Student: 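Have a look at this one before I ask anything.
Being a predicted model, the structure only gives us computed values, none of them experimental.
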Amino acid sequence: MATATSPKSTVMGPEKLTDIDEIQAAFESLCTDEEDMTKEIEQLLEKQTQLEGKMSTLHHIGPNLQHVHTDANQLGSMISFTSNLAENVSRKVRQLDVAKSRVQAAIQRVNDVLDLKFCTDGVQTALQSEDYEKAAGHIHRYLSLDEKVLKQVTPDGKEDGGIDASLKVLHEAEQNLKVLVREKFSLAIENNDRASVERFFKIFPLLGLHDEGLMVFSKYLRTQIANHAREQLELASSKDSTDRRANVLWADTLTMLFENIGKIVEIHQPLVETFYGPGRMLALMEELQKECDTQAKKIVDNFVNHREFNNKSQQVLQSLRAGSSYKAANVHDKLDPRELDLMLAECTLLNARTELYLRFVKRRVTNDIEVIDEDETAKQTMFTELDRFILDSQLSRHMQELIGKYIMMEEYFMRETVLKAVSLDSMETGAQTSSMVDDIFFILKKCTRRAISSASVDCACAMINHIATLLENDYREVLYGKLRAGFPSGSFDVGQAYSLLQQGRLPTSTTDTNAAKLEFLTTLNNVEVSIEYTQSLKKSLQEECTSLSNKTSQMSVDKLESCLTDLTQLNHRFKDILEYGLSQLDSSALKPRIKPWVDSFLSTSHNMSEEDFSIYEANDPFIQEFIMNLEQLLNEFKETLTSSTYDALVGLLTNEVTTQLEKAVLKSVFNRLGGLQFDKELRSLVGYLTSVTQWTIRDKFARLTQMATILNLERVVEILDYWGPNSGPLTWRLTPTEVRQVLSLRIDFRTEDIKRLKL
């Protein structure tokens, strides 16, 4: 500031100033500088204690820093010395390692030369004594040597070409031994000498002929399989129809083929893994499977021919294509489903045994692949190859074709037997359901269990879908058709109805009304029982599919669960039919009879005196007769309907009673005693209906009970003790308008008081 205000003073000095303004400015500048300096001094004085403490610390640290410096120099010298020493030691160690590797290489070359000499002498001796295993061992050792390295050991001129001569001898011995092993192996196969076959089979890998050894050995095993299969096929063809196992003859023959292959694999897999190493079973099984495909096709062809499989499947296909027109015109030409029963069972057994065999093959090869010393990518490639090999095998394709035709014939068998059960439907005295329900669900369970026993997920899913379609369309239409005519009106005699149905007479005239009623009620029972049987069928199928799911992939499990879920939806379809039938019964048998009974309530006065109340207490003119009529009505159905259907009927009756009685109450007038009388009548009615059903029906009387409560009030304002916040756990079913309407039924309540209520 001083510089800005008085630049002259800084140049001239204050003692030379003469102008008063300049002097004043210089004075102010000096004062400002003095204040700034004073503040700086004060700040330094405030930090004096800290600075003195730090200086004291530095004075104490000073001598120690000298010691640290000295120690650091010593440590640096030690580290430098240690580093130089380590470098010298490591250099010498590297030199020793080089020397050691050279010594080991020299020793290895010496050993290789010695082995070469030993193999040269040993292979000649072994071949002369026909010790082929020992000769192969020498050749195996020779093949593991590096000829180029051996030729560099010693110049040929110094040892008269000894190494080259040995190599030449061993090479000739190798070729000779390969020829001998091939000849001896072929001779052993011709003589069916199993011990010699296995002996020379073990020699092939020692000569580096892994693939060739597996190939010739698989041909030998294929010959064994073919011979055994031919014997079993001839034996099966010679058996007659009286044999105990005649119905599953070809399934047994195929099973014996699979068991023979399984036995061969179990015996020779350890041999292959020991002498050829892991990872070779896939190649061996591919060769064996070719023979299995050939022999299995012969067995399946015999099954198809002897069981007339293709002819029957063609007849079934024509029937399914023609549909109802074929059935109507050529009833006698249709194939009897009973002729398919045993054949279908054997067909599923063929596929089940095939699936078991293929799982065995996959498990054996998988175990072999898992132990090979390869990365995961290589293993996954082999697993993919295994799956492709199983799916593309001729055996799998033949069985898929067979199962495809089986599904078509099983559907035909199921549909035709179900239609037969419907046509032969009958009633036994005292029975609540007709015969077709048990027959149909027995047939369905039999067909699905047979399909699941095939061990084919696609087959099981197809049959479950066919069952769902048959129940939803054909069977449901049969039940619906019997209910569509409705429930005939009039009285009902159960004994007479049973008699008419057992005589085979159809309800075609008014005299057969009882039989028509019984058939209608029986159909209701059939629907109810069908719901239970469908749930039971789904549960049993679920349990059987669980064992099948444990042997299949997650995708197959999801497919089975989806099919079973579709089966569950059938219950809703049957419940719709049951509700339709009950509504028919309600409109025909309940409503026309309940309404006139309830109307008698209007003819009974509820504006009564004390004397009337006493008389009603001893002999109620309405409720006793009303309950007696209801009991008589329900007794007509109690023995005929199932318990669940009967309870549903009581529920419908209760709904109708409450609806009609509510209308009658609103048309009546009451005094205080009349309200008490109505409450007693209502309690009696609720008690009776509760006693005749297992379902709860009190909630259906909630509105009427609340009406009775209102009609029992002594004063209009007492309704507020039960309404709104004072209602407690009670939920009012009546609206405020309806409450006022019920209050107005009391002739002793003033209209003004009712209107003044704030509800």
Student: Contact between T568 and L564 at the side-chain level, heavy atoms closer than 4.5 Å - yes or no?
Tutor: no
Student: Just checking, any donor-acceptor pair under 3.5 angstrom between side chains of D458 and Q400?
Tutor: no
Student: With no hydrogens and no angle check, do the side chains of Y406 and N351 hold a donor and an acceptor under 3.5 Å apart?
Tutor: no
Student: Is there a side-chain contact between R182 and E212 (heavy atoms, below 4.5 Å)?
Tutor: yes
Student: Indicate yes or no: does R280 engage D368 in a salt bridge with an N to O separation below 4.0 Å.
Tutor: no
Student: Minimum heavy-atom separation for R353 and A251, please, with both atom names.
Tutor: NH1-O, 4.4 Å
Student: Partners of E266 by salt bridge (charged side-chain N to carboxylate O under 4.0 Å, His left out), sequence neighbours excluded?
Tutor: R364
Student: I would like to know whether N260 and Q232 meet side-chain hydrogen bond (donor to acceptor under 3.5 Å, both in side chains); could you show each step before the answer?
Tutor: CA-CA 11 Å; N260 183 44; Q232 295 300 324; over 6 Å; no
Student: I'd like to know if D193 and R199 make a salt bridge, using a cut-off of under 4.0 Å between side-chain N and carboxylate O.
Tutor: no
Student: Inspect the contact between D341 and R450 and indicate whether a charged nitrogen and a carboxylate oxygen are less than 4.0 angstrom apart.
Tutor: yes
Student: Is it true that E544 and R449 make a salt bridge, defined as a side-chain N closer than 4.0 Å to a carboxylate O?
Tutor: yes
Student: Return all side-chain donor-acceptor pairs below 3.5 angstrom for residues 293-302, not counting sequence neighbours, or 'none' if the list is empty.
Tutor:
residue: D293; atom: OD1; partner: Q289; partner atom: NE2; Å: 2.8
residue: D293; atom: OD1; partner: L395; partner atom: N; Å: 3.1
residue: D293; atom: OD2; partner: Q394; partner atom: N; Å: 3.3
residue: T294; atom: OG1; partner: K290; partner atom: O; Å: 3.0
residue: Q295; atom: NE2; partner: E291; partner atom: OE2; Å: 2.7
residue: K297; atom: NZ; partner: D301; partner atom: OD2; Å: 3.0
residue: N302; atom: ND2; partner: K298; partner atom: O; Å: 2.7

Student: When you measure from the side chain of E346 to the backbone of L249, do you find a donor-acceptor pair of N or O atoms at a distance under 3.5 Å?
Tutor: yes
Student: Hey, does F275 have a side-chain heavy atom less than 4.5 Å from the side chain of F204?
Tutor: no
Student: Any idea which heavy atoms bring V316 and M408 closest together, and the distance?
Tutor: CG1-O, 3.9 Å
Student: May I ask you to check whether K538 and N571 show a side-chain donor-acceptor distance below 3.5 Å?
Tutor: no
Student: Side chains of S393 and S396: is there a donor and an acceptor less than 3.5 Å apart?
Tutor: yes
Student: Return yes when atom CZ of R388 has more than 12 non-hydrogen atoms of other residues, nucleotides or ligands closer than 6.0 Å, and no otherwise.
Tutor: yes
Student: Any side-chain heavy atom of M343 sitting closer than 4.5 Å to one from F303?
Tutor: yes
Student: Which pairs with one or both residues in residues 231-266 pass ring pair (Phe, Tyr, Trp, His ring centres under 6.0 Å), sequence neighbours excluded?
Tutor: W250-H306, F258-Y357
Student: Centroid-to-centroid, F201 to F185, below 6.0 Å?
Tutor: no
Student: Just so I know, are the side chains of Y475 and L471 near enough to count as touching, which here means a heavy-atom distance under 4.5 Å?
Tutor: yes
Student: Indicate yes or no: at least one non-hydrogen side-chain atom of R397 is less than 4.5 angstrom from one of D392.
Tutor: yes
Student: Please report the shortest heavy-atom distance between M463 and C447, naming the atom on each side.
Tutor: CE-CB, 4.4 Å
Student: So for atom NZ, which belongs to K379, do other residues, nucleotides or ligands contribute more than 12 heavy atoms lying within a distance under 6.0 Å?
Tutor: yes
Student: With the threshold set at 4.0 Å, does a side-chain nitrogen-carboxylate oxygen contact exist between E198 and R194?
Tutor: yes
Student: Considering non-hydrogen atoms only, spot the tightest contact between L350 and T354 and give its length.
Tutor: O-OG1, 2.8 Å
